Every structure is written in C-alpha cells, then in structure tokens.
There are 2 protein chains.
Amino acid sequence: MIKPRSRRGGGRPTISDVARKAGVGAITVSRALREPERVSEELRRQIQAAVEELGYVPDPNARALASARAEVFGVLVPSLTNNVFAEVVRGIYDSLSDSPFRIQLGNTHYSGLEEERLLQVFGSQRPAALIVAGIDQTPASRKLLENAGCPVVQVMETGPDPVDMMVGFSHLDGGRAATEHLIEAGYRRIGFIGARMDPRSQRRLAGYRVAMEKAGLLDPRLITTTPVLSSVSLGRELFRDALAKMPTLDGVFCNNDDIALGVLFECHRASIDVPKTIGIVGFNDLDMMQVAFPSVTSIRTHRYEIGRRAVAMALAAISGNRPQERIADLGFELKRRESTAR
Amino acid sequence: MIKPRSRRGGGRPTISDVARKAGVGAITVSRALREPERVSEELRRQIQAAVEELGYVPDPNARALASARAEVFGVLVPSLTNNVFAEVVRGIYDSLSDSPFRIQLGNTHYSGLEEERLLQVFGSQRPAALIVAGIDQTPASRKLLENAGCPVVQVMETGPDPVDMMVGFSHLDGGRAATEHLIEAGYRRIGFIGARMDPRSQRRLAGYRVAMEKAGLLDPRLITTTPVLSSVSLGRELFRDALAKMPTLDGVFCNNDDIALGVLFECHRASIDVPKTIGIVGFNDLDMMQVAFPSVTSIRTHRYEIGRRAVAMALAAISGNRPQERIADLGFELKRRESTAR
DNA sequence: CAACGTCATGGTAGCGCTACCATTTCTCTC
DNA sequence: GAGAGAAATGGTAGCGCTACCATGACGTTG
C-alpha cells in the first residue's frame, strides 16, 4: 500500500517538489541553491522560478543533518543586559544578518559550569563557528572548544594562549591608563571601586595596582570590591563604603560606567564637588558619560567593533583563509572629561 | 561492499550506539529520553548508564527532522541594546534555561520588512513557539504568524486583536498616568519629548494627549519628537529644542528613561532647578532613576516578568492547556520621586 | 580518431532520529 | 480460564536534504 506523500511534514514544498516543477534532479536544485556557479545558467533560471512559485524555503534541520554542519554561529556571553555584551552581540548580529548563518545565543550568567553546559548543547548542533566571551574558560570548557571542530573566537580581551582566535584589548592596560590619568591629574588618594569582579574586572584592578604601586600610592584600604552584580545603585553604596573607610579619598577609578554614575550621583547628593574634591573615571564609555554633568572621564572600548571583527575572522576561517594574526587587539581610548579636570 | 559506519558524522555516538550498549532497541532509548515514564525503570537505568558512559548527546537536527518540530523558541525584538528588550529577553532565557528548548533570537531593527524576513527564516525551522515584540505586525507578518502552526505570544503591550496570546500592558494608560501625575503635581506647561517613536511611543504620546486635552492644557508646540534612535545625548538635545520652542515649559514627560536622564543632565548643566522649575517623568524605571539626583519619577514596567510570563503561556499552550485568558495585562506602576515633588 | 580529461547532471544511499504500527507479555474481568 | 485490554518493547520506514559516485556529452590531445 502506498503511503500518502509527506506523512508528517506540514505539506510545505520540499526540494523534490521544486525539482519536479523545474524538470531537473533534486541534487541539481540543491546545487543551484548552494553553489550556483556549478549549474548552467538556464537550469538556474528555471529552478529559481520554481522556487519562487512554490515559495520553497530549505529546511535547515535537514540540511544540517545531511551535511553534518549547521549554519549556526554559537555565541556565549555572561550577561544579556550588560550593555557591554549587548553591544558585542549587536555587532555579531549585524555582521551576520546578510549571511545564511543563524545565531545561537547563550547566557552563562558568569558561571563556568553553565558555560560548560551550554558548550555541550551548542556542540551537539555542529555549529559553523563559536564566539565566546572571555579567555578564562574552565579546563573542561577549553577542551570542548578545542574539540568543537570549527573556528573559535574568544572576545572582549586578549591574552597569551588563544584556543584559536581572539579579539579584544588589554583590560590591565586599560585599568592602568585610567589610574595613571588620575595620578597625572594630581589625585593622590585614588580608590578602586568594583562590582561583579569577573576576570576582566580583576585585570582592571591589577592595572590599577601596577599604576598605584609605581607611583608609591598603593594602599589596600583604597580598594572596595564586591562580587554582587553591578548597577548604578550599587555604585552609590560602594562609594559610601569607600568614603567611610577612607574619608580622605580624592579620586576613584570605577570598574565600569554604571558604578561611576552611581558615584557621581552620590557626590551630587552629598554636595561633594566633582572634579575638585573627587575625581571620577569610568570604564567602557557609554553614551551617557559625555552627557553627564559633569561629563565623566572613561575608557572607551570598541565593543560593537569587537563583535564585527570576531565574525569577520570566523568567516575568513570558515572559507579557508584563516587570518595571519590570530589575535586582534582593538585597543581602547582614554576620554578625558570634566570629572577629572582639576 | 560494506561501507564503514558513520560516513560523515564526526564519529560521535548515536542513539543506536546507546541502544546496542544497553541491549535494547533504538526506539526505546528515544523514549527513555523523551518520555521516561513509558519505559520500565530497569531499562531506564541501563539506558541512562549507557548514555553517560558514551557521552551521548542527542542531535537536535535529526530530532527536528524526524519529528517535524524543533525544540526552538523563536524570539523577535526590535533592538538588542535597548535595556527594555534586553530585560524581556533575559526573562525568556531564564525561563527556558532548564527546559530542552533553545532560543533563536532575531533583531528586527524596528523594521517591518526585516521582521517578515526573519519570520520566514524562523518558520522554516518549525519552532515550538514564537514570541514577538509589539502588536503592529505588517499584514504579511501577521499571516506568517497565523500560519506558523505553533503558539504565538505578542509581548510588550496589549491590544484588542491578538494573533494568539499577548503579554504586556497599555502604553496609552502609562503615558496618561505619567501626564496626569505631572498635572496633579501642579505643572501646567508640560512637554512631551520622544525619540524613536515606535508604535509603543506613539501610544504613550496618545496617552499624554488624552490627559492634557482633558485638563485643557494641550498645545501642539509642547510636543517634541524625532524618529532618531533614542539615547541620553539625544534627550539633552531634544530638551534644548523643546525649551527653545517653548521657554515657559515647566514639566516634561519623556518617552523613556534615557531621554529623561538627558533632560536631567541638561537641567544640571543649565542650572535649571528640578523639580521646582521643571518636573521630569521618565518611562520604564531603570535602576538608575531612583539613584539619580534628584531621583526621577518614572513608570515602572515589568519587563523581565513579561518575558517569563510569555514563556509560561507558550509552554502551557505547547503542553495542551492553553491559558484561559489569552491576554495578560501586567500593568505598570507610577514611581513618585523627587523630580516631580514640587 | 582513439584515449582521455572536463563539465553538467542525476541516482543512490544515507545523516540520526522518531511516527506509526506490530508484537509480546502481563494484567484484569466475568 | 477465555477474552479483552493495557503496558512495555521493537521493527520499519521515512523526515528533507546532501556526499559520493556514476553517467553521458562534449572538447582536446597526439
């Protein structure tokens, strides 16, 4: 007994429907869609017409199964609401919007365990490339990345030992530049205020230490940190703590701009003059830092560009010409503003 | 001639490897994984052991192909960097992190055409559910949603005619409440400042009009809008424009909190007293609004909760018990703060 | 002009999984 | 204790696509 065609599929046109309509073999349709130059122009036109008439859309699942390769970029970030990662992700989306690649986005919540779990899940899809935030993967995660069988790009920072490729900048140098700027501006009792304290924040702190040490200004009581998730309100609280601990504080380098904004608002509220009494430096240079009053000095980072570059490197690797330089350092820029203009 | 096993697959264990090792049929493994209660406890244990020993991970592509249904939620938002949508997306991710469902996230850039394109792409994957921001889909998009063959949840606002389900609140009522609050607080020349002006902003503006009209205060010169993407710096500029156009302005209802913050900073810079000379109300109530100095009155919206509820409704529909109420109105809350405490 | 590449096209056999039906075994019921 | 039903398991046949190889129609070469 003959079964009706398409027992389960919702009756959508398949590649053989297109082939029948165009009077060619199914495989020729497949080729016309993926490698048009290998099909004669005449057939290509016929096939194109049949595709449009039927409204045929290839099934990515069947494609992935047959070719053992999904047209998917796996992207792993620690947070979706942190503007920094949102910008990177936006750069990735924008770069891939005209390509056949889809994006599988995972949120690790800053957890190494969660990262491993997601890499496991993503790996089972045989992605075309993986983009992961950070360079501090657990050994298990690192092994998963090495065995992924696809290009891997670590983003947000650079380091000595890439799994495959890297795009970012040196957070240590950034922290150091910020601190040195405060020192040059004449501040002396410069605090470090940091929330979340992920590995990148740790390295910014390390940069702060280097600069302070070199200037002979380092004092552990100047450092105020917490593992709690960063926010503007937390910035205010941490600044109050810092001030209570060290009333002679005359400057702060903040982990990020949210914290810096919290500090700024608290200064307003407590009528502390910025930049005269306290100098403030943030990190990332969100749009609002130059609008704030007083405008806030910050380290401008190229987040969107990191996303774009990561995709560009991955696409190059996929198409066989892996970039010469496996590590792209996009640097940063110190934006001097009113908050440190003593 | 016998072909070697696994011609293309990277040699990863398949379901039949597990079946062989556990001494059962492949289909029983499949069932043990998906509907454990239909397999005897003994076999379940054996299978579990085999899965772990081999490190078997099911291939989602093969699964999707065979079952004509992918374990994927398609999510469409107009922006990835706008905190509002980022929060919704975070709620969706958090709600699905323990489920077998993956998330396919699309960025429409506020474009109806792009939305159609993405719905086409997402549809080809036969998703388990679709979550889309907004209720103003183009006719073509609406048709795609209706024919998606899966639960559809429209999020961020409520309206009269859901494709399937809706979670959100009334932006018109929100805009109205914000404006009425300003009026009650004694402000009279109340401006509306809005950027981006997507359909939700339009409805907030409509709410503003209703309230102003009712109070006999409406004057078209009080309204300042632009289609440009919203930002804090844009808020400052628009406020300057508004003030130039209408120097007697004594209050502003802002489209969103970014704009409100820009207005606040400009007031600081121009030494305009808030709330005495100018009252400010924002929309969304970002964390920083209550930290700002002065703290800023805003309409608190439940963005994270919208994401969670959307997933809950979709999951219910998938498992067969579609919620009684197809429309969930999560409301909003007026947060009175210093910026309107005259 | 035979021998040999090259190009365009097609047929076949899966990719790894699950829907559908069949089979077996184990309860109940009257 | 025979018949009916339920519960547990398995076999078969695809899902829609592409890798691999085969085929035939052309040049091109010596």
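A note on names: the letters A, B, ... follow the listed sequences, proteins ahead of strands, and every chain is numbered from 1. These numbers come from the heavy atoms of this one structure, side chains and all, not from hydrogens, waters or symmetry mates. Keep in mind it's a predicted model, so treat the numbers as computed, not measured.
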> Got a sec, which residues hit side chain to side chain contact (heavy atoms under 4.5 Å, CB included) with I327(B), two or more places apart in sequence or on another chain?
Replying inline: T158(B), P162(B), M166(B)
> Quantified as the angle between the terminal helix axes (five pairs each), what is the overall bend of the helix from dC1(C)-dG30(D) to dC30(C)-dG1(D) to 10 degrees?
Replying inline: 30°
> Expressed in angstrom and rounded to an integer, what is the separation of I27(B) atom CD1 from dA8(D) atom C1'?
Replying inline: 13 Å
> Which nucleotide in the list dA19(C), dG16(D), dC17(C) gets nearest to the side chain of A66(A)?
Replying inline: dG16(D)
>> With the threshold set at under 4.0 Å for non-hydrogen atoms, list the residues of residues 45-63 of chain B touching DNA chain D in residue-number order.
In response: none
>> Can you pull out the residues from residues 31-41 of chain A that lie within a 4.0 Å heavy-atom distance of DNA chain D?
In response: R34(A)
> Atom CZ of R12(B) and atom C1' of dC17(C): how far apart are they, to the nearest Å?
Replying inline: 13 Å
> Got a sec, which residues hit salt bridge (Lys or Arg N to Asp or Glu O under 4.0 Å) with R200(B), two or more places apart in sequence or on another chain?
Replying inline: E157(B), D198(B)
>> Taking K143(A) first and then E146(A), would you say they form a salt bridge - that is, a charged N and a carboxylate O separated by under 4.0 Å?
In response: no
> Can you name the residues that form a side chain to side chain contact (heavy atoms under 4.5 Å, CB included) with P199(A), not counting sequence neighbours?
Replying inline: D136(A), R203(A)
>> Can you give me the closest heavy-atom contact between V155(B) and A310(B), atom names plus distance?
In response: CG1-CB, 3.5 Å
> Looking at the side chain of T28(A), which of dG10(C), dT18(C), dC15(C) is the nearest nucleotide?
Replying inline: dG10(C)
> Rounded to the nearest Å, what distance is computed from the CG atom of residue L65(A) to the P atom of nucleotide dC17(D)?
Replying inline: 12 Å
> Does E87(A) pair with R90(A) as a salt bridge, N-O distance under 4.0 Å?
Replying inline: yes
